[in-house]
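Structure first, commentary second.
To find a chain, count down the sequence lines: A is the first, B the second, and so on, and within it residues start at 1. On a predicted model such as this, the values are computed, not experimentally measured, just so you know.
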Number of protein chains: 2
Amino acid sequence: MGKQMTEMLKGTLEGIVLALLALGPAYGYEITARLRDQGFADIAEGTVYALLVRIEQRGLVDVEKVPSEKGPPRKVFTLNPQGREALDDFWSSWGFLADRLAHLKTEGGQ
Amino acid sequence: MGKQMTEMLKGTLEGIVLALLALGPAYGYEITARLRDQGFADIAEGTVYALLVRIEQRGLVDVEKVPSEKGPPRKVFTLNPQGREALDDFWSSWGFLADRLAHLKTEGGQ
DNA sequence: TACCACTACATAGTAACGCTGAATACTGGA
DNA sequence: TCCAGTATTCAGCGTTACTATGTAGTGGTA
């Protein structure tokens with residue numbers, strides 16, 4: 001992924017993961033896979049795990065350890081009410097930014 | 001501005017400034033003022049000047065010192081061809097991200 | 001047994017960026 | 001003389017994503 005996208009993901013990636021979790025509980029490995037499906041091909045696993053640690057520490061998700069048949073136990077993350085609130089805040093900020101940029105794009109020719 | 005917006009601006013603010021410069025040459029103080037008009041009320045002046053230094057060092061803008069009647073000389077920045085290319089790249093990355101998020105937003109209920 | 005692929009999580013160190021807070025410099029008006 | 005407005009610069013900080021690596025568990029296969 002380009003350096004540009006790397007910088008643009010800062011702050012946004014957390015919102016993306018929260019949005020994915022809003023669709024249903026998931027564990028880290030699964031989330032990285034879903035991100036790849038979503039087109040974020042080159043997001044490093046380490047990045048996702050670090051992000052999950054952060055949102056867990058901020059109390060945005062509930063965590064449950066679930067045994068797996070295919071490897072080490074999974075840490076399943078579920079968005080809780082606080083997480084939903086954080087997601088709402090994210091969409092609000094994103095909406096503002098997207099709106100401003102849409103303006104700028106038409107205003108500024110191409 | 002919230003911490004959330006601060007993080008989200010990373011990488012994006014540069015694109016915003018490039019887009020503003022695409023509308024015509026401008027100097028730092030003027031750009032911060034335009035940003036405020038655009039709704040980015042709390043962007044620190046220091047942030048804008050640091051950003052301008054960066055894009056100058058990367059050769060995205062041409063710089064000219066112009067005397068001012070109201071204070072120290074202005075550094076007027078003009079987007080050059082390389083800058084326009086960077087702006088195109090930005091819009092491309094932004095387009096991808098905005099598209100993905102629009103998907104996620106509808107997909108994910110609210 | 002030994003090895004490998006896949007699954008699954010974790011972490012230390014680094015780079016980049018925006019913010020805070022302050023300093024500097026020039027003009028004009030109270 | 002002091003202050004407000006204009007205009008730029010910089011050191012130090014916190015946050016985030018990336019790189020690179022390590023650790024574990026399971027199943028298949030030679």
Side-chain angles (χ1 to χ4, degrees), chain A residues 1-18 25-36 40-58 60-61 63-77 86 90 93 97, chain B residues 1-18 25-36 40-58 60-61 63-77 86 90 93 97:
Chain A
M1 198 145 307
K3 208 187 68 179
Q4 186 154 234
M5 185 55 85
T6 290
E7 289 305 323
M8 250 190 278
L9 279 176
K10 290 188 180 177
T12 308
L13 184 58
E14 178 179 305
I16 292 170
V17 169
L18 290 178
Y27 54 97
Y29 194 80
E30 185 184 6
I31 291 171
T32 51
R34 282 204 210 163
L35 285 170
R36 289 190 212 290
F40 300 100
D42 302 320
I43 291 189
E45 273 190 74
T47 298
V48 175
Y49 286 109
L51 192 159
L52 290 171
V53 167
R54 286 201 299 273
I55 66 177
E56 181 185 353
Q57 284 176 343
R58 282 199 282 141
L60 308 184
V61 286
V63 184
E64 195 189 358
K65 266 222 162 130
V66 177
S68 162
E69 314 98 25
K70 292 187 172 183
R74 298 164 172 166
K75 272 181 79 174
V76 175
F77 297 85
F90 168 74
S93 295
L97 196 58
Chain B
M1 197 143 310
K3 206 188 67 175
Q4 186 152 236
M5 186 55 85
T6 291
E7 290 306 323
M8 249 192 279
L9 279 175
K10 290 189 178 177
T12 307
L13 184 58
E14 178 179 306
I16 292 169
V17 169
L18 290 178
Y27 53 98
Y29 194 80
E30 187 184 6
I31 290 172
T32 52
R34 283 204 210 163
L35 285 171
R36 290 190 211 290
F40 300 100
D42 302 319
I43 291 190
E45 275 190 67
T47 297
V48 175
Y49 285 109
L51 192 159
L52 290 170
V53 167
R54 284 200 300 273
I55 66 177
E56 181 185 353
Q57 284 176 342
R58 281 198 282 141
L60 308 185
V61 286
V63 184
E64 196 188 359
K65 267 223 161 126
V66 176
S68 162
E69 314 97 25
K70 293 186 173 182
R74 298 165 174 166
K75 273 180 78 174
V76 175
F77 297 85
F90 167 74
S93 295
L97 198 56

Q.
What contact category does B:L13 fall into here, base, sugar-phosphate, or nothing, at under 4.0 angstrom with non-hydrogen atoms?
A. sugar-phosphate
Q: If a protein heavy atom is under 4.0 Å from the base, mark B; if only from the sugar-phosphate, S; if neither, -; do that for nucleotides 4-11 of chain C going 5' to 3'.
A: ---BBBBB
Q: Anything under 4.0 Å to a heavy atom of chain A counts; send over the first and last such nucleotide of DNA chain D, read 5' to 3'.
A: D:dT16 to D:dT26
(Q) Check this for me, if you would: do B:E64 and B:R74 make a salt bridge, where the nitrogen-to-carboxylate-oxygen distance has to be below 4.0 angstrom? (A) no
Q. Does A:F40 have any ring pair (Phe, Tyr, Trp, His ring centres under 6.0 Å) partners at least two apart in sequence or in another chain, and if so, which?
A. B:F96
(Q) Holding to salt bridge (charged side-chain N to carboxylate O under 4.0 Å, His left out), I want the full list of residues that pass it with A:E30, two or more places apart in sequence or in another chain. (A) A:R34
Q: Please answer whether the main-chain N or O of B:Y29 pairs with a side-chain N or O of B:Y49 as donor and acceptor at a distance below 3.5 Å.
A: yes
Q: Write down the distance between CG (B:D42) and P (C:dG21), rounded to a whole number of angstrom.
A: 13 Å
Q. To the nearest Å, how far apart are B:K10 NZ and C:dC19 P?
A. 9 Å
**Q.** Interatomic distance where CZ belongs to B:R58 and C1' belongs to C:dA16 [whole Å]
**A.** 10 Å
(Q) Going by the rule side-chain contact (heavy atoms from CB on, under 4.5 Å), which residues pair with B:K10 if we only count those two or more places apart in sequence or in a different chain? (A) A:E7, A:K10, B:E7
Q. What is the distance, rounded to the nearest whole Å, between atom CG of B:L51 and atom C1' of C:dC19?
A. 13 Å
Q | side-chain contact (heavy atoms from CB on, under 4.5 Å) involving A:P72 - partner list, sequence neighbours excluded | A | none
Q: Check A:T47, A:V17, A:V61, A:L60 against A:L52 for a side-chain contact (heavy atoms from CB on, under 4.5 Å) and give me the one that passes.
A: A:V17
Q.
Using a strict threshold of under 4.0 Å (side-chain N to carboxylate O), is an ion pair present between A:E45 and A:R36?
A. no
